Participant: 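Below is a structure I'd like to ask you about.
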There are 2 protein chains.
Amino acid sequence: MATIREVSRLAGVSIATVSRVLNGASTVAHPTRERVLAAIATLGFKPNAFARGLATNRSGGIGVTVNEISSPYFGAFIRGVEQVVRAEGIHMMVSSGYATAALERASVDFLLERRCDGLIVQSDALDDEALIELARDGDTPVVVFGRSVAEIGSSCVVLDNELGGSLATEHLLRHGHRHIGHIAGPLSYADARDRLMGYRRALVAAGIAFDDRYVVESTFLEEGGAEAAAHLLERAPDLTAIFVANDQMAAGAMRTLRETGHAVPDDISIIGYDDVFLARYLTPTLTTVRQPLVEMGRAAADLLLERLDGERREVVHRFDPELVERQSVASAVR
Amino acid sequence: MATIREVSRLAGVSIATVSRVLNGASTVAHPTRERVLAAIATLGFKPNAFARGLATNRSGGIGVTVNEISSPYFGAFIRGVEQVVRAEGIHMMVSSGYATAALERASVDFLLERRCDGLIVQSDALDDEALIELARDGDTPVVVFGRSVAEIGSSCVVLDNELGGSLATEHLLRHGHRHIGHIAGPLSYADARDRLMGYRRALVAAGIAFDDRYVVESTFLEEGGAEAAAHLLERAPDLTAIFVANDQMAAGAMRTLRETGHAVPDDISIIGYDDVFLARYLTPTLTTVRQPLVEMGRAAADLLLERLDGERREVVHRFDPELVERQSVASAVR
DNA sequence: TAGAACGATGTAACCGGTTTCAGGAAAGCG
DNA sequence: CGCTTTCCTGAAACCGGTTACATCGTTCTA
């Protein structure tokens, strides 16, 4: 692999001049520049990113941690980030934390060690203090995705999950349902707590007492949704609708209902959350609450870039979810 | 951010000794080691990856290029790679090429510039020559995923797509179908060509002449599958079964069939390919051909690691697809 | 025409690690 | 007790870029 010195020798200039050509910074006379470019081409020279990083203390890349890289949910988010970042010629390193505090810590440390110029952190397991410390103390700008931490609010990009929970529940109320169950995600996740909160708020606003027999905590996974639905049917046999805290669990719940002879939506209505890809393929297609994940990914990247280059951009910090009506909700008959 | 010199000063040793402690290589007296570790801890020292990379010319990471990072298909593959690599304490950088030659080239160059220790390339747009040159000429070991290039066969991890095409077609033949359509992927992709080849071979082996009116080339996307199915119904109205070259197009085809009043599988049987996540959620659930993507990702990583550390491992280069029977295929009635 | 200003280029210090080689102290040997 | 061997440690050269500063030849201004 050729170095800048070999290029300089071939072009008959000093290494400083080659460096100047590479970075386009200072003025280089036209013929000289041409000679250097020719030498670069013939040698197939590629600047060594380590040497450059060592000298500038910048990597030209940002780091992103997500729960799980292979999930369609995070895929959409990553895609949004990549759209913005690629357009600026910046690179992205992704690391999965699998919702485990130790692994998430390791991911963050790993990315910091690589001297990422900035970090977008989607974390389920780290506590607020850890995030605050990260965002405040480090010299690396940090944007937090999907969690609202008051102390560093201006670094957060979030969805209003409580609003989403209300939207879903109100939709069921509008269809005349009064006995509405809720399959929640793990309540250790703020997302799950907020959705539950929205559900509760909507019920109370409609004059219906909150009853925790109608609520089951589960896993955000399909299997968990299937089991939770079975519990719910047992504990609250009179329910006519269920708000499920994500689409994956909704798919599982629908399977259980089908297997136990409950028609969806004729006997029981189902509403999901996320509007992942899958929602359109279930039978019946799933009414759900959409998160604009790609847009949110873009917003997170924009926010980080703003921190990096100091240029102000229009950044939305809080996104509103949106109801997507499909076939899995019908009017209550009883 | 503390440097190795500050650590050495605090511990009262030289930077060489600190370096030795960091790498565990040479012998360091026990009390000295303790002092150094204590200094590292109090300063919160993290070695600078650039400086280390510059000195060793290794990054401690591998690069992976895929078509599209946010697709569930590639997600599964990446996950397999990550499983292996994480266990070895190696890091992974992913870059998307979006099936565009220029972007794929840029991804590869980008990763090479970062001095990845090795590369796993999943490429749809680069031609064989480019891959051969990459695998042969560079000093960075390269593994090619999902394409069989004869000249560098020992560096490839592939699925036998022709076998997969045969499996699917034979399954339909066994159910008594004689008029079998095929919705192919873009024939610029080797995958798509091989699946078509398998379809053709199975037909001929069953004594049925290959008829290209029964074949439509499409896009590997849902919308393409929907359109292709419409064409196919027009050109070959007597068909009783369709082998679709991936599940996404199969979902589209099923939509068209439903909309045009053809029952699946009673009027027309459908078989897909890939066994992505989605296949289990379609109605009827989709009979398909499974690619063991996670395992293949692991194999690709194992192969690369073998190149990197010279240690021999058991590596499978060619995987066999597997039929997954669900509900979308029925016996031919006519 | 002398002196200042400017544009193009080169020299060398620096970024923060790794690693070779040399040297000093302690231990082993005759 | 002197000499070799072994073990541990330090000095300094590197890795390949960036960049502050120096230099030199031109051109512009008075």
Side-chain angles (χ1 to χ4, degrees), chain A residues 1-40 43-61 91 109-110 112-117 139-140, chain B residues 1-40 43-61 91 109-110 112-117 139-140:
Chain A
M1 188 62 73
T3 74
I4 201 174
R5 288 163 224 271
E6 300 173 44
V7 172
S8 73
R9 207 173 309 139
L10 181 58
V13 297
S14 74
I15 60 168
T17 300
V18 177
S19 177
R20 283 190 271 259
V21 171
L22 286 175
N23 298 302
S26 193
T27 48
V28 176
H30 192 72
T32 313
R33 153 169 275 119
E34 292 299 306
R35 276 212 316 285
V36 171
L37 288 175
I40 287 174
L43 290 175
F45 166 78
K46 292 196 186 111
N48 182 317
F50 294 136
R52 176 174 277 176
L54 183 57
T56 59
N57 201 31
R58 288 180 308 103
S59 69
H91 155 251
D109 285 347
F110 178 83
L112 286 178
E113 248 172 66
R114 309 268 147 179
R115 297 298 193 275
C116 282
D117 299 343
D139 27 23
T140 309
Chain B
M1 188 62 74
T3 74
I4 201 174
R5 287 162 226 272
E6 301 173 44
V7 173
S8 73
R9 206 173 310 139
L10 182 58
V13 297
S14 74
I15 61 167
T17 299
V18 177
S19 177
R20 281 189 272 259
V21 170
L22 286 174
N23 299 300
S26 192
T27 49
V28 176
H30 192 72
T32 314
R33 153 168 276 119
E34 292 300 304
R35 277 212 316 285
V36 172
L37 289 175
I40 288 175
L43 291 174
F45 166 78
K46 293 201 186 104
N48 182 315
F50 294 137
R52 177 173 274 176
L54 183 57
T56 59
N57 202 31
R58 288 179 308 103
S59 68
H91 152 251
D109 284 347
F110 177 84
L112 286 179
E113 248 173 66
R114 308 267 148 178
R115 299 298 193 272
C116 283
D117 299 343
D139 28 24
T140 308

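Just so we're on the same page: letters track the sequence lines, and every chain starts at 1. All values derive from a computational prediction rather than experimental measurement.
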Participant: Determine: side-chain N/O of Ser14(B) to OP1/OP2 of dG10(D), distance under 4.0 Å, yes or no.
Facilitator: yes

Participant: Examine dT18(C): is either OP1 or OP2 under 4.0 Å from a nitrogen or oxygen in the side chain of Ser19(B)? Give yes or no.
Facilitator: yes

Participant: Measure from the side-chain N and O atoms of Thr17(B) to the backbone N and O of Val13(B), and report whether any donor-acceptor pair falls under 3.5 Å.
Facilitator: no

Participant: Grab the CG-C1' distance between Asn48(A) and dG17(C) for me, whole Å please.
Facilitator: 13 Å

Participant: Does the Arg35(A) side chain pair with the main chain of Ala11(A), one donor and one acceptor, at a distance under 3.5 Å?
Facilitator: yes

Participant: Starting at atom CG of Asn57(B), determine the distance to atom P of dT19(C), rounded to an integer number of angstrom.
Facilitator: 11 Å

Participant: Which of these nucleotides, dC15(C), dA20(D), dT20(C), is closest to any side-chain atom of Arg20(B)?
Facilitator: dT20(C)

Participant: Which part of the nucleic acid, if any, lies within contact of Val18(B), taking any heavy atom under 4.0 Å across all strands shown: a base, the sugar-phosphate backbone alone, or nothing?
Facilitator: nothing

Participant: Thr56(B) has a side chain; which of dG16(C), dT18(C), dG17(D) sits nearest to it?
Facilitator: dT18(C)

Participant: Report yes or no: does Ser19(A) contribute a side-chain atom to a donor-acceptor pair with the main-chain N or O of Ile15(A) at less than 3.5 Å?
Facilitator: no

Participant: Between Arg5(A) and Ala29(A), name the one whose nearest nucleotide on DNA chain C is closer to the 5' end.
Facilitator: Ala29(A)

Participant: Rounded to the nearest angstrom, tell me the gap between atom CG in Leu54(B) and atom P in dT18(D).
Facilitator: 12 Å

Participant: I need the CZ-P distance between Arg9(B) and dA11(D), as an integer number of Å.
Facilitator: 13 Å

Participant: Okay, side chain of Thr140(B), backbone of Asp117(B): is any donor-acceptor separation there less than 3.5 Å?
Facilitator: no

Participant: If the cut-off is 4.0 Å, is Thr32(A) near the phosphate of dT9(C), judged by side-chain N/O to OP1 or OP2?
Facilitator: yes

Participant: Return no unless some side-chain N or O of Asn23(A) is found under 4.0 Å from OP1 or OP2 of dT18(D).
Facilitator: yes

Participant: Return the nearest nucleotide to the side chain of Val28(A); candidates are dT9(C), dC15(C), dG16(C).
Facilitator: dT9(C)

Participant: Take atom NZ of Lys46(A) and atom P of dC15(D), then tell me their distance rounded to the nearest Å.
Facilitator: 21 Å

Participant: Using whole Å, what does the distance between atom P of nucleotide dT18(C) and atom CZ of Phe50(B) come to?
Facilitator: 15 Å

Participant: Do you know which of Val28(A), Val21(A), Leu22(A) makes side chain to side chain contact (heavy atoms under 4.5 Å, CB included) with Val36(A)?
Facilitator: Val21(A)

Participant: dT9(D) C1' sits how many Å from Arg33(B) CZ, rounded?
Facilitator: 13 Å

Participant: Can you tell me which nucleotide in dG17(D), dG17(C), dG10(D) comes closest to the side chain of Thr17(B)?
Facilitator: dG10(D)

Participant: Do the side chain of Arg115(B) and the base of dG16(D) come within less than 3.5 angstrom through a donor-acceptor pair of N or O atoms?
Facilitator: no

Participant: Take the protein atom CD1 of Ile4(A) and the nucleotide atom P of dA12(C), then report the distance between them rounded to whole Å.
Facilitator: 17 Å

